[in-house]
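Worksheet: the structure to be examined is printed underneath.
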Amino acid sequence: MSGKLAAIGASYQNGFAIRLPNVDLTAINGELTYLTINGQRQAHSGLELDMTEASFVISENLNADAGYNCQYFRTQATCREDINLEFELNIGIAAGADTLGLPPMPYDPFIFATPGTYHGDDLPNHPGRSLEIHLADQSPTEKFDTVNIMGKSVDDSDPASGKYFKTANNLPWALMLPETWAWPLERVDLLKAYPNFEEYTVSGGNSQILWFKGENAVAAQCY
């Protein structure tokens, strides 16, 4: 798997990880697994050894690893610095390991609070790895603090119905898009940059499915 950090908005500091749902930690062949950052092979693969499922931390602090000098990285017209964080994660599977339960790509990419950093008055002080943000309806990892974080503020997660990381009207905490897009400028609500997004979410994804296309954007509100 490979990727790059294209932008960072807001002020909270976060890390980035990828979980392989339903794949046990013991299914990973450590000798064949390695992580490359900006072309340099790392001394560790990012594999979290204190998990049951296989999960890999790409960065514990994206803000620091991105290496930018302006306040908001590529979410302001005045901050157009080059992309400085690219990764490649090569995962080796142990012989005979059970991976039949692994869902299709992109598996489970998620962000988490950088340890030792503030993330709001409504959450535990310095929640660190226990605060995760996943794609809509993706369950959190075993490190997520379901007692003190799930359901806070406008989160309407309901594990019994399989609903995770959404509001009551189905607005998600994270998005996966099938192509490169023009994200909103700093402090611009997504609904102002892409007005059709609300109908898309309220309909459960059945209407306005191309809400993210350039022709449906308010160009002046996008980076």
Side-chain angles (χ1 to χ4, degrees), residues 1-20 34-42 45-46 55-91 104-115 117 119 129 131-138 165-166 171-198 200-201 205 208-223:
M1 292 175 278
S2 60
K4 60 185 178 182
L5 179 62
I8 299 180
S11 58
Y12 294 156
Q13 298 181 51
N14 299 291
F16 175 70
I18 301 172
R19 174 178 56 168
L20 304 184
Y34 61 93
L35 173 65
T36 300
I37 302 290
N38 295 334
Q40 298 294 317
R41 185 162 172 166
Q42 304 299 294
S45 65
S55 179
F56 301 83
V57 172
I58 306 301
S59 168
E60 282 204 338
N61 190 332
L62 293 167
N63 301 68
D65 291 341
Y68 57 95
N69 296 313
C70 43
Q71 185 176 8
Y72 301 111
F73 179 55
R74 291 164 58 86
T75 63
Q76 289 181 313
T78 55
C79 183
R80 294 181 175 270
E81 298 191 19
D82 294 335
I83 293 174
N84 296 319
L85 178 60
E86 299 188 50
F87 75 89
E88 184 175 291
L89 176 61
N90 294 269
I91 302 173
M105 283 282 280
Y107 310 131
D108 179 23
F110 63 96
I111 62 173
F112 60 90
T114 296
T117 63
H119 271 260
R129 187 64 181 75
L131 169 59
E132 302 174 348
I133 305 296
H134 294 253
L135 293 170
D137 294 333
Q138 173 61 63
F165 301 102
K166 289 179 178 178
L171 290 173
W173 296 120
L175 291 168
M176 181 181 67
L177 300 175
E179 60 187 50
T180 301
W181 74 308
W183 52 84
L185 289 166
E186 191 66 32
R187 296 190 174 90
V188 171
D189 191 300
L190 177 59
L191 297 179
K192 291 183 178 179
Y194 290 89
N196 294 339
F197 179 63
E198 183 170 19
Y200 170 79
T201 58
Q208 296 293 349
I209 61 174
L210 299 180
W211 66 267
F212 56 87
K213 291 285 189 178
E215 58 266 29
N216 295 321
V218 179
Q221 303 285 7
C222 298
Y223 179 80

Just do the side-chain contact (heavy atoms from CB on, under 4.5 Å) check on I91 and M1 with the steps written out, would you? CA-CA 8 Å; I91 302 173; M1 292 175 278; 3.4 Å; yes
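- Residues satisfying the side-chain hydrogen bond (donor to acceptor under 3.5 Å, both in side chains) test with W173, not counting sequence neighbours, are D155.
- Atom-to-atom distance recorded for L131:CG and I111:CD1 is 8.0 Å, nearest 0.5 angstrom.
- Residues A7 and T75 come closest through the heavy atom pair CB-CG2, 4.0 Å.
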Under 3.5 Å, side-chain donor or acceptor atoms of residues 213-221 against the rest of the protein: list the pairs with distances, not counting sequence neighbours.
unit_1 : atom_1 : unit_2 : atom_2 : d
K213   : NZ     : E179   : OE1    : 3.0
K213   : NZ     : E179   : OE2    : 3.4
N216   : ND2    : L210   : O      : 2.6

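- Taking F212 as the reference, nothing meets the ring pair (Phe, Tyr, Trp, His ring centres under 6.0 Å) condition, with sequence neighbours excluded.
- For Y68, the ring pair (Phe, Tyr, Trp, His ring centres under 6.0 Å) partners at least two apart in sequence or on another chain are F73.
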Applying side-chain contact (heavy atoms from CB on, under 4.5 Å) to L135 and D108, what does each step give before you reach the verdict? CA-CA 8 Å; L135 293 170; D108 179 23; 5.8 Å; no
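- Closest of all the heavy-atom pairs between F112 and S59 is CZ-O, 3.6 Å.
- Residues forming a salt bridge (charged side-chain N to carboxylate O under 4.0 Å, His left out) with R129 (at least two apart in sequence, or on another chain): E48, E132.
- Scanning for side-chain hydrogen bond (donor to acceptor under 3.5 Å, both in side chains) contacts around E88 gives N90, with sequence neighbours left out.
- The shortest non-hydrogen separation linking I133 to A174 is CG2-CB, 4.3 Å.
- The closest donor-acceptor contact from the side chain of Q76 to the backbone of E186 lies at 3.5 Å or more, if one exists at all.
- For M176, the CE atom is loosely surrounded, since the number of other residues' heavy atoms within 6.0 Å does not exceed 12.
- Looking at residues two or more places apart in sequence or on another chain, you find no side-chain hydrogen bond (donor to acceptor under 3.5 Å, both in side chains) involving Y200.
- With a 4.5 Å cut-off on side-chain heavy atoms, L190 and L175 count as touching.
- L5 approaches I8 most closely through the heavy-atom pair CD2-CD1, 3.6 Å.
- By the ring pair (Phe, Tyr, Trp, His ring centres under 6.0 Å) test, H134 pairs with F110, F165, sequence neighbours left out.
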Between R19 and Q138, does the side-chain contact (heavy atoms from CB on, under 4.5 Å) criterion hold? Intermediate values first, please. CA-CA 11 Å; R19 174 178 56 168; Q138 173 61 63; 2.9 Å; yes
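- In terms of heavy atoms, S45 sits closest to L89 at O-CD1, 3.7 Å.
- The side chain to side chain donor-acceptor pair (under 3.5 Å) pairs that include a residue from residues 4-17 are Q13-N61, where partners are two or more places apart or lie in different chains.
- In this view, D65 satisfies the salt bridge (charged side-chain N to carboxylate O under 4.0 Å, His left out) rule with no residue, not counting sequence neighbours.
- By the ring pair (Phe, Tyr, Trp, His ring centres under 6.0 Å) test, Y72 pairs with no residue at all, sequence neighbours left out.
- The disulfide (SG to SG under 2.5 Å) search around C70 returns C79, not counting sequence neighbours.
- Judged purely by atom type and a 3.5 angstrom limit, W211 has no side-chain atom pairing as donor or acceptor with the backbone of T201.
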